[in-house]
Amino acid sequence: MRHVLVLGGTAEARELAGVLVAMGTVRVTSSLAGRVAAPRLPQGAVRIGGFGGTEGMTRWLRDHSVDALVDATHPFAETISAHAAEAAAHTGVPLLALRRPGWTPGPGDRWHPAASLAQAAEMLPGIASRVFLTTGRTGLAAFAGLDDLWFLVRSVDPPEGAVPRRMEVLLDRGPYTVEGERAVLREHRIGVVVTKDSGGAATAAKLVAAREAGLPVVVVRRPRGVAGVEVAEDVERAARWVRERMG
């Protein structure tokens, strides 16, 4: 039976694994980074942990006779995506990137684009003093020196490393509702929202709530994908790509 490796951790990766398992004609392994203490597991076989860079992934693809590779990681997971492209090139394994489209501003949105977390941090003192930081628990060091600001940090697991001095942590996991996001903004008297351009519906409710409240949103632009890698924007197209390569 042909073998498909899905680099996962996203909702799309879990959905794709379920679709491929239901086909009954391919063997599916999903790989999770292991950064979340209790991840939502997809259907099929699951491995957790890193590969050990490009060399380790190349070896894994060969040792486990992988016939197709789907990179369905988070749009900001630059390192693993680069390793996947290099390993696919070394082994000749077909590679597809499954990337949900990014968000686009609409009427009433007050978005401030930032090229990085560091640039987002530089922008905040001129915008508001109470910040809803929804960029996850990694990268908080970029905001650690902003002692005049107060942060509400939302993440699945508790933050580690350098963090803002004036901070409250909200442990929660999406998908979120507009009603719930309205309550968060109101109860914590939020003046600005900071988010990565993750795309998708699971965490988009905060953008609607911010628009309704007239709040500015600092949006960190997603990195460019790896050049030369084919991209599918939804699970249906990704599943079709796998079927075509499985014969």
Check whether any side-chain heavy atom of [X] lies under 4.5 Å from a side-chain heavy atom of [Y], and answer yes or no.
| X | Y | value |
| --- | --- | --- |
| Val4 | Asp67 | no |
| Leu152 | Val131 | no |
| Thr195 | Lys206 | yes |
| Leu117 | Phe143 | yes |
| Asp157 | Leu171 | no |
| Arg245 | Arg2 | no |
| Pro113 | Val219 | no |
| Tyr176 | Thr203 | yes |

Under a plain distance cut-off of 3.5 Å, with no hydrogens placed, do [Y] and [X] share a side-chain donor-acceptor pair?
| X | Y | value |
| --- | --- | --- |
| Ser198 | His74 | yes |
| His3 | Thr29 | yes |
| Arg59 | Thr91 | no |

Might you confirm whether atom [atom1] of [X] has over 12 heavy atoms from other residues, nucleotides or ligands at distances under 6.0 Å?
| X | atom1 | value |
| --- | --- | --- |
| Glu212 | CD | yes |
| Asp63 | CG | yes |
| Glu230 | CD | yes |
| Arg189 | CZ | no |

Ion pair [X]/[Y], N-O distance below 4.0 Å:
| X | Y | value |
| --- | --- | --- |
| Arg240 | Glu236 | yes |
| Arg100 | Glu233 | no |
| Arg211 | Asp109 | yes |

Spatial distance of atom [atom1] ([X]) from atom [atom2] ([Y]) [nearest 0.5 Å]:
| X | Y | atom1 | atom2 | value |
| --- | --- | --- | --- | --- |
| Glu181 | Arg186 | CD | CZ | 12.0 Å |
| Leu215 | Arg110 | CG | CZ | 7.5 Å |
| Glu168 | Arg130 | CD | CZ | 8.5 Å |
| Phe76 | Asp197 | CZ | CG | 6.0 Å |
| Leu140 | Ser155 | CG | OG | 7.5 Å |
| Trp60 | Ser31 | CH2 | OG | 7.0 Å |

Go through it in stages, so that I can follow the logic: the residues are Leu7 and Leu5, the test is side chain to side chain contact (heavy atoms under 4.5 Å, CB included), and I'd like the CA-CA distance, side-chain angles, deciding distance and then a yes or no. CA-CA 6 Å; Leu7 305 179; Leu5 175 63; 4.1 Å; yes
Under a 3.5 Å distance rule, please check whether [X] uses its side chain to pair with a backbone N or O of [Y] as donor and acceptor.
| X | Y | answer |
| --- | --- | --- |
| Gln119 | Ala115 | yes |
| Thr54 | Glu86 | no |
| Arg222 | Arg224 | no |

Can [Y] be reached from [X] by stepping across I, L, V, M, F, W or Y side chains whose heavy atoms are under 4.5 Å apart?
| X | Y | result |
| --- | --- | --- |
| Val153 | Leu149 | yes |
| Leu146 | Trp150 | no |
| Val66 | Val229 | yes |
| Val217 | Leu185 | yes |
| Met23 | Val28 | yes |

[X] to [Y] - nearest heavy-atom pair and separation:
| X | Y | value |
| --- | --- | --- |
| Leu16 | Leu98 | CD2-CD2, 4.2 Å |
| Met123 | Ala114 | SD-CB, 3.9 Å |
| Trp241 | Ala68 | CZ3-CB, 4.0 Å |
| Leu69 | Ala84 | CD2-O, 3.9 Å |
| Thr10 | Thr73 | CG2-C, 3.6 Å |
| Pro125 | Glu122 | CD-O, 3.4 Å |

Take Asp71 and Arg99 through the test salt bridge (Lys or Arg N to Asp or Glu O under 4.0 Å) and record every step on the way to the result. CA-CA 8 Å; Asp71 173 13; Arg99 293 284 182 269; 2.8 Å; yes
Can you confirm if the NZ or CZ of Arg154 lies within 45° of the ring axis of Phe151 and under 6.0 Å from the centre of its six-membered ring?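 Negative - Arg154 is either too far from the ring of Phe151 or too far off its axis.
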Under the criterion side chain to side chain contact (heavy atoms under 4.5 Å, CB included), I'd like the reasoning laid out for Thr25 against Met1: C-alpha separation, chi angles, the key distance, then a yes or no. CA-CA 7 Å; Thr25 56; Met1 186 177 287; 6.0 Å; no
Side chain to side chain contact (heavy atoms under 4.5 Å, CB included), that's the test. Do Val231 and Leu96 meet it? Break it down for me. CA-CA 6 Å; Val231 177; Leu96 176 75; 5.7 Å; no
Side chain to side chain contact (heavy atoms under 4.5 Å, CB included) between Trp111 and Thr104: does it pass, once the steps are laid out? CA-CA 10 Å; Trp111 286 16; Thr104 56; 5.5 Å; no
